[in-house]
*Asks:* 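Following this message is one structure expressed as structure tokens.
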Protein chains: 4
Amino acid sequence: MTAGTNQYPIPPTMKAWVLGNPDELSLAEKPVPEPGPAEVLVRIDAIAVCATDIEILKHGLPALIEGELPFNKGFTPGHEYMGTVVKLGPSVDEFALGDRIAVEVHAGCGRCSRCREGMYTSCLNYGYRSKGHRANGFSTDGGFAEYAVNNVNTMVHIPDDMPDAEATLIVTAGTAMYGLDVMGGIIAGEGVAVIGPGPIGLMGVAVAKALGAQPVLLTGTRDRRLEMGARLGADEVVNLNREDPVAAVQRITGGKGVQYVLECSGAPNALNEAARMVNRGGRICLAAFPGDPVPIDLAYIVRNNIYVFGIRGEGKSATHRAAALMAQKRFDATIIHTHTFPLTEVPTAIRYASQRIEDAIKVVVQIRTSV
Amino acid sequence: MTAGTNQYPIPPTMKAWVLGNPDELSLAEKPVPEPGPAEVLVRIDAIAVCATDIEILKHGLPALIEGELPFNKGFTPGHEYMGTVVKLGPSVDEFALGDRIAVEVHAGCGRCSRCREGMYTSCLNYGYRSKGHRANGFSTDGGFAEYAVNNVNTMVHIPDDMPDAEATLIVTAGTAMYGLDVMGGIIAGEGVAVIGPGPIGLMGVAVAKALGAQPVLLTGTRDRRLEMGARLGADEVVNLNREDPVAAVQRITGGKGVQYVLECSGAPNALNEAARMVNRGGRICLAAFPGDPVPIDLAYIVRNNIYVFGIRGEGKSATHRAAALMAQKRFDATIIHTHTFPLTEVPTAIRYASQRIEDAIKVVVQIRTSV
Amino acid sequence: MTAGTNQYPIPPTMKAWVLGNPDELSLAEKPVPEPGPAEVLVRIDAIAVCATDIEILKHGLPALIEGELPFNKGFTPGHEYMGTVVKLGPSVDEFALGDRIAVEVHAGCGRCSRCREGMYTSCLNYGYRSKGHRANGFSTDGGFAEYAVNNVNTMVHIPDDMPDAEATLIVTAGTAMYGLDVMGGIIAGEGVAVIGPGPIGLMGVAVAKALGAQPVLLTGTRDRRLEMGARLGADEVVNLNREDPVAAVQRITGGKGVQYVLECSGAPNALNEAARMVNRGGRICLAAFPGDPVPIDLAYIVRNNIYVFGIRGEGKSATHRAAALMAQKRFDATIIHTHTFPLTEVPTAIRYASQRIEDAIKVVVQIRTSV
Amino acid sequence: MTAGTNQYPIPPTMKAWVLGNPDELSLAEKPVPEPGPAEVLVRIDAIAVCATDIEILKHGLPALIEGELPFNKGFTPGHEYMGTVVKLGPSVDEFALGDRIAVEVHAGCGRCSRCREGMYTSCLNYGYRSKGHRANGFSTDGGFAEYAVNNVNTMVHIPDDMPDAEATLIVTAGTAMYGLDVMGGIIAGEGVAVIGPGPIGLMGVAVAKALGAQPVLLTGTRDRRLEMGARLGADEVVNLNREDPVAAVQRITGGKGVQYVLECSGAPNALNEAARMVNRGGRICLAAFPGDPVPIDLAYIVRNNIYVFGIRGEGKSATHRAAALMAQKRFDATIIHTHTFPLTEVPTAIRYASQRIEDAIKVVVQIRTSV
């Protein structure tokens, strides 16, 4: 079997959602892209909606992209996708036609000093496609489409028994996992507090518990989501409307605080609260942020020897590790999957996710069924 | 030769400066303390004034100390000292009578989980003397006195040819070194910006250059101190009054930014500026802080994958490494030593340091001359 | 409730097994030891036999111990124990009377440069009791007795629902965990091969799988033990008598090899085989060793950029992490517990373990029943 | 100015030494290669002879190279070169025409899991040119020629005032630096012993001292080389013919041993000796190796918690750090440069290096003079 045989006939064009003016998204017909060296063509089978997709729709791409106008008309967003390998670029033998895969976002340029040290999500050539950088749905066309090109190093195999929708959640779990990795990674028996029961926060609870953290705490405002957190492994959940979260963490830990906080809420005071949840020498990962500058008590952070790690994505192949945990069924990520729509209804899917209609958390677009 | 022989006769009492009400410091007669297991008695030969000494004089100790009233009357501050070993506690053979030594601040309890992982400056038993924690001049009597007890693990040998005053600067250089260590430690050929030409900042410049950083940049407002920075190894100095420091760093680095920033100013906007000095994936160490919460642009920090490390002191035996560099004469720390006073004039010494009289930087109290 | 009340009356003397001439062990009456600062007295409820106990019985202690004759007559061996806190030394509040605990072996001196960096199992004052070093059953009296003193930093709480015998296995699981930690610690989705299905190897399989490693392979010669490995989480087991272990690892991994090898056999050729099991850049932890020098192909190790980590014990509080996994019931350590004897039959217990009578793996001495 | 203008006219063919049968090297005329994406064409100005060049001449390339016969006739060896950028591949702006550069050996594929974590010298696609892996002079044509193609991530700028011959030594210093990096990197004030005063060993002495190690010891058999080591910064040198090296290290360190050993001799007993030079918990880097398996006392390594790091080259951009130290004139690498020959006399240069004629250490082939 080689690329281009009849098993996976590649049409010349495909359906793809594209950006127009702010808040405009339209379904277009685009050429199916061609994979280059180290790349494959992925037939997209399913894709989840992420909050950053909504940001892009409103505000454009997060960085100036080489060769693009400031607001990238014609660009296809979407990065939480999975699919089937249907064509191999030159030199690719890491994957075979028909492989089911999920993706992480970033393929670094591989030539800057950050990529050279393994920090490819901090690629210094972000947005320079000609230098090899790709960030699916951020700087190169993404997954609200029938096909997308992916660098082999952004792809992870998924087992036959994992449904499409579940596989779209791997990158979310991978981001949560990376947050735990950068704080130290060895967390069995250590206390972890997660602030904010959004998708990354909920996956953070699941991964932390899967790796043996103890206790795993989750704080938020919506009981339904907190209850999901409990099902995903949180030892205790705290509803801010009923108890001060810092007081709760101190209460639960007998005044010792936790070792790690994964901040996933973007709330203005979350970092200050996180600093008071950890013990001296504790670590905080910021996986979310408020839009505007907020008052931060740096004196407290310095006096208590606290480290704060900002992360812009999934990094250090954490997606592979998350995929492994999910393949081993260590937690049921599908708990956070609430709605499904077809490709033709991407705007509806985004609306459900952004407005949390019917308590939507993860909204998945099922483009076609694999197998 | 054993402890207690005539070579170093120990008097029963000693002169020591003690705290009274806020801003009150008086010279008292105190018993000479007795070294316990793993401790020695140090005859203090010289001590430098640190900004935190001034804080303690104004506001009391930084933490609730076991067995102390909230404002610790009778407590002897001072932590940047050196001296001569004059008595050995039980089981001590790491040092001998007559050894000249400098000290770092923190002896962790050795039994909490932080000490157990080597992070003794984040000791979870801070202030619990009965559990073994000691922080010279912060939680246990310090060095504005004729004698002090020190745990052997806070002490470092100094060579015969290093003058007393220079040796008092080791702990300052050690703090700067620790700041570089926590950011990664391997800095040859990497760009380092230091914000704030106070003692830690100036030592930061010296240590960064000694370890091969390139370029080493220093920003501040006082030309005389910036010029000292240049003598200590800064490749470029930037006076904020004449050029925006972020613009300057970008100009000097050809738009690439630096890898590391050591923030030693405590200025309200310093962290935001530091974030814009580093490249994507860069690291910032906060060795100073503003007293009140300040607006921080967390979005920028997260989007650029920046790590921020608060440090409360010298840690990870960095004082030993700094002492080694100084013993090898890699830089001339005495450049920052501007004034000297005798023990009887500690209040004057503190006044010079706090008010920067005659451009004072490091003010040293020479208690007696060693040898 | 305070130390010394009637709830846990402490007799003046206790039964303890003591070393005599090589291979001589006799039951003696010894004074019950007194806990010092940072120490507690543990009433030993159960203890497992370790291969190193047998070594000590034959060859004496592994290092020259301060104050001891070369062959330590009167010394009580045994280090894999658990029990109940019955008396607190001065300043101890980390534990309360009645707490059930398991122990790790090493309390470092806390003052040498290794302890100061958190590597307390490499304490440079090994065997110097007067400097605070303790290694239960190696340099200070161990657990084949009714009572033992333990430093609080060697102790871990165990939950009420964990049986005594299971708790004695925590330190074994902790050693396996430390082996994974020193190789990098973040192993979800990575291949791990374990050589040798002894107690540490079997616990290595369990911990690796609990942390998400994939695949986890186990090689050995005894089908019964390999089958235990499969029950503890090994994805594949290889019997050397039927397949070359290197070929098997390459077969199972599709020629890619594994990332990590935990060598627990001490077989003469194990390191050479391990080097051929890992991929380029792989890591090997030696938790066992042959008694005599063996030919090693260093050229292969260097050319393939392999790192080899020797570990002498459990380290970096890995015992706490192992205890947490076991408290969360991530694996059933009791699978390796095969025999139980009372305190009066320690020699029989040791004979069963050393001669593998009735396929003995972990032989536990149940001294009394807790609760 | 763009690629291909008259300033650097590129001829269609060039002189290049090529492999024939074992021990045969002949001067041939070859096409000048064309740089691809992320690559430049380097006009080679000077190249040093390395011991591995001699190995390749005798035994062929170290790995099976894609598309090559087992013994690679027509292949051009040589990897320690410097030169001038004379043509840019597509998308290159990291370098400009006319830039003087030195090179490191390895450009990883950038897509395997090792490259993805920054360990590009352990690239799992070693020798697969089609996947992007390049190792100058090992798997792709090297520098005993007038021109060579280089990936931008293997190149480092060199300052105008650094002579060509000195610049050829950067990669050797980089390898030594990497050895110190993998052992921990933060070495100021720590003891380092270097075994073997070959080029890497001597550069190891220089780099260790430049970074503040104390003491730096060098062991070997040739007084002339040991004396060079002293000039490069060794605090003490030990001639094995006059003193047992382990005894010497223990004598010099007062019985404490060193923290790190950089083994550069390949002597059969070097690792066993290194293990007895370090203190408990010490680390050893193997930058050389004996050709055949040798007896190793693994028991000693495990009991003393020693880590052993095999390195196959320069890694982690250490070459950049070494170049920075040399640009800052922290040591005079030219001390080890003993002989110079023109391009036409490469066989003579290799003979001098391999037979150590006239005490040759580093033999440089000056192909043309830059500027």
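Just so we're on the same page: letters track the sequence lines, and every chain starts at 1.
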*Asks:* Relative to chain B, which segment of A:Y120 carries a heavy atom at a distance below 4.5 Å: side chain, backbone, both, or neither?
*Replies:* neither
*Asks:* Answer with side chain, backbone, both or neither: which region of B:I306 has an atom nearer than 4.5 Å to a non-hydrogen atom of chain A?
*Replies:* backbone
*Asks:* With chain A as the partner, which of B:R283, B:E117, B:Q259 has the greatest number of non-hydrogen pairs under 4.5 Å?
*Replies:* B:Q259
*Asks:* Examine whether an atom of A:C123 lies under 4.5 Å from a heavy atom of chain B, and if so say whether it belongs to the side chain, the backbone or both; otherwise answer neither.
*Replies:* backbone
*Asks:* Any side-chain heavy-atom pair from A:P293 and B:N272 closer than 4.5 angstrom?
*Replies:* no
*Asks:* Roughly how far, to the nearest 0.5 Å, is the CE atom of B:M119 from the CG atom of A:N305?
*Replies:* 5.0 Å
*Asks:* Out of A:N304, A:I301, A:L271, A:V294, which one racks up the most heavy-atom pairs below 4.5 Å with chain B?
*Replies:* A:V294
*Asks:* So which of A:V308, A:D297, A:T121 has the largest heavy-atom pair count under 4.5 angstrom toward chain B?
*Replies:* A:V308
*Asks:* Can you tell me how far apart CG (A:N125) and CZ (B:R280) are? Round to the nearest 0.5 Å.
*Replies:* 9.0 Å
*Asks:* Shortest non-hydrogen contact from B:P290 to A:A299?
*Replies:* O-CB, 3.7 Å
*Asks:* Less than 4.5 Å apart, side chain to side chain, heavy atoms only: is that true for A:L298 and B:I296?
*Replies:* yes
*Asks:* Apply the test side chain to side chain contact (heavy atoms under 4.5 Å, CB included) to residues A:N279 and B:L124: give CA-CA distance (whole Å), side-chain angles for both, the deciding distance (0.1 Å), then the verdict.
*Replies:* CA-CA 8 Å; A:N279 49 28; B:L124 300 177; 4.0 Å; yes
*Asks:* What part of B:R114 is in contact with chain A, defined as an atom under 4.5 angstrom from a non-hydrogen atom: side chain, backbone, both or neither?
*Replies:* side chain
*Asks:* Pair A:V182, B:Y307 - check side chain to side chain contact (heavy atoms under 4.5 Å, CB included), show working.
*Replies:* CA-CA 10 Å; A:V182 298; B:Y307 299 164; 3.5 Å; yes
*Asks:* Hey, could you give me the NZ/SG distance between B:K256 and A:C112, rounded to the nearest 0.5 Å?
*Replies:* 11.0 Å
